[in-house]
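Have a look at the structure below before the remarks.
Basis for what follows: all heavy atoms, side chains included, without hydrogens, waters or symmetry-related copies. To find a chain, count down the sequence lines: A is the first, B the second, and so on, and within it residues start at 1.
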2 protein chains.
Amino acid sequence: MEKQTHLSWKTEPSPRLVRMAATKDPRPCSIADTLALVGEKYSLLVLREVCLGNGRFDQLVRNIGAPRDVLSTRLRRLVDAGILTKHAYSERPRRFEYRPTPAGLDLEPVLMTLKEWGDRHLHGNTGLPMIVEHDCGHELVPVVTCRACGDPVRHEDLTAHPQAPGWTLRGPVHP
Amino acid sequence: MEKQTHLSWKTEPSPRLVRMAATKDPRPCSIADTLALVGEKYSLLVLREVCLGNGRFDQLVRNIGAPRDVLSTRLRRLVDAGILTKHAYSERPRRFEYRPTPAGLDLEPVLMTLKEWGDRHLHGNTGLPMIVEHDCGHELVPVVTCRACGDPVRHEDLTAHPQAPGWTLRGPVHP
DNA sequence: TCAGATGGGTTTGTTTTTCCAACTCATCTC
DNA sequence: GAGATGAGTTGGAAAAACAAACCCATCTGA
């Protein structure tokens, strides 16, 4: 798989084995691609605030607890990525508010699943910092289901079909 | 809300306005708490590999493209957090494999929603790097639903009920 | 009227992380 | 025994995060 390097080793400058550092072509993957956009520190918290309607710079600083300069970098990136837009809510003095685009709102499922996990595993479902109510009248407990059959998705029911070389093709993982 | 600082300003050493940097008590939130554990660079990709069954150090290095030292730090942290376990798959020579704990597997919904977003918004649902098949026989397209009513969750149907001060209580965000 | 506060950032200097390449060490393979 | 393999660790340079201060236009209250 990394065979091409074998041929050149004999004549390489380095006299000892040079083992490759992190390969430059990692697995092509939508998860990685998404995280490249929103996986930096604070980015998803920005999205959380913005989805809650708290899109002003000082609200973000306060509610997230991020340094102002970092926040300002993140905001630029998220706007560039088409996840947020910048709205002027006042001329004279010019003041702005960040809001989610439709693509940004499409990231809410990520926030919900993160919240679910934290509620379950970090807060034991008691004394939750925030409760989200669904319009059906109940507390929202998000469940990921399969669009085709509607069933909740369990790890054992999944098989990965990688489209690129270098993948291990597997079904259930647990022994 | 930050009123306590008012009184002391007159006598503070700094002659000019000192505006607080990132407040030290950001919003208490399960999303932030979860990200504190798995939000560092590469952590969720480690989980991806491990859920796919590729839990050996060199596989992780190759498939993720992370520096070995960073990976080794991440692995320690994820094991400490109870998200991974380290299994010896060979004595003499001692060799290890990382596997997800049940809590780790519970993070799969996060991976799925991240993948969905990337598939939709970054790859236009064509030429996807990986297809996951559900046991029902169809390609898995994860949909987040409300456990109580079973309906897909839409942003407009949510209302946040923060349990801590400093929150803005809102329903639908869009104007 | 003007001292100070507010909103939305940028600048500057320091501390942490990341990154990369190389190194280790025990074992297995040719 | 020469070299490869797995699973890391080490050391030094580069990049990011951090904190505090600064900026500038506007508004506010005494």
Electrostatic pair Asp80(A):Arg76(A) at N-O distance under 4.0 angstrom:
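Here Asp80(A) does not pair with Arg76(A) in a salt bridge, since their nearest N and O are not under 4.0 Å apart.
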
Ion pair present between Arg68(A) and Asp58(A), side-chain N to carboxylate O less than 4.0 angstrom?
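Salt bridge present between Arg68(A) and Asp58(A).
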
For [X] and [N], give me the distance from atom [atom1] to atom [atom2], rounded to whole Å.
X        : N       : atom1 : atom2 : result
Leu71(A) : dA16(D) : CG    : P     : 17 Å
Lys41(B) : dT17(C) : NZ    : C1'   : 10 Å
Asn54(B) : dG6(D)  : CG    : P     : 13 Å
Asp58(A) : dT26(D) : CG    : P     : 18 Å

Is any side-chain heavy atom of [X] less than 4.5 Å from a side-chain heavy atom of [Y]?
X        : Y         : value
Val46(B) : Arg77(B)  : no
Ser30(A) : Leu114(B) : no
Val70(B) : Lys41(B)  : no

Nearest-nucleotide 5' precedence on DNA chain D, Phe57(B) against Arg74(A):
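Of the two residues, Phe57(B) wins.
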
Does a side-chain N or O of [X] approach OP1 or OP2 of [N] to a distance below 4.0 Å, or not?
X        : N       : answer
Tyr42(A) : dA16(D) : no
Tyr98(B) : dG8(D)  : yes
Ser72(A) : dT10(C) : yes

Tell me which nucleotide among [options] gets nearest to the side chain of [X].
X        : options                   : value
Arg68(A) : dG7(C), dA17(D), dA21(D)  : dA21(D)
Pro67(B) : dA22(C), dC20(C), dT11(C) : dC20(C)
Val70(B) : dC18(D), dG8(D), dC19(C)  : dC19(C)

Considering only heavy atoms and no angle criterion, is a donor-acceptor pair shorter than 3.5 Å present between the side chain of Asp69(A) and the base of dA17(D)?
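No, no donor-acceptor pair under 3.5 Å.
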
Take atom CZ in Arg147(A); do more than 12 heavy atoms of anything else shown fall under 6.0 Å from it?
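Not buried by this count: 12 neighbours or fewer within 6.0 Å.
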
Within a radius of less than 6.0 Å around NE2 of His138(B), do more than 12 heavy atoms belonging to other residues, nucleotides or ligands occur?
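No.
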
Do any of residues 82-96 of chain A sit with a heavy atom less than 4.0 Å from DNA chain C, and if so which?
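The answer is Lys86(A), Tyr89(A), Arg95(A), Phe96(A).
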
Going by number, which of residues 30-38 of chain A have a non-hydrogen atom under 4.0 Å from DNA chain D?
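Here the set is empty: none.
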
Treating Thr145(A) as the side-chain partner and Asp151(A) as the backbone partner, does any N or O pair qualify as donor plus acceptor under 3.5 Å?
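Not a single qualifying donor-acceptor pair exists.
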
Under 3.5 Å, side chain of Ser43(B) to main-chain N/O of Gly39(B), donor-acceptor pair present?
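Flag not set: sc Ser43(B) to bb Gly39(B) has no pair under 3.5 Å.
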
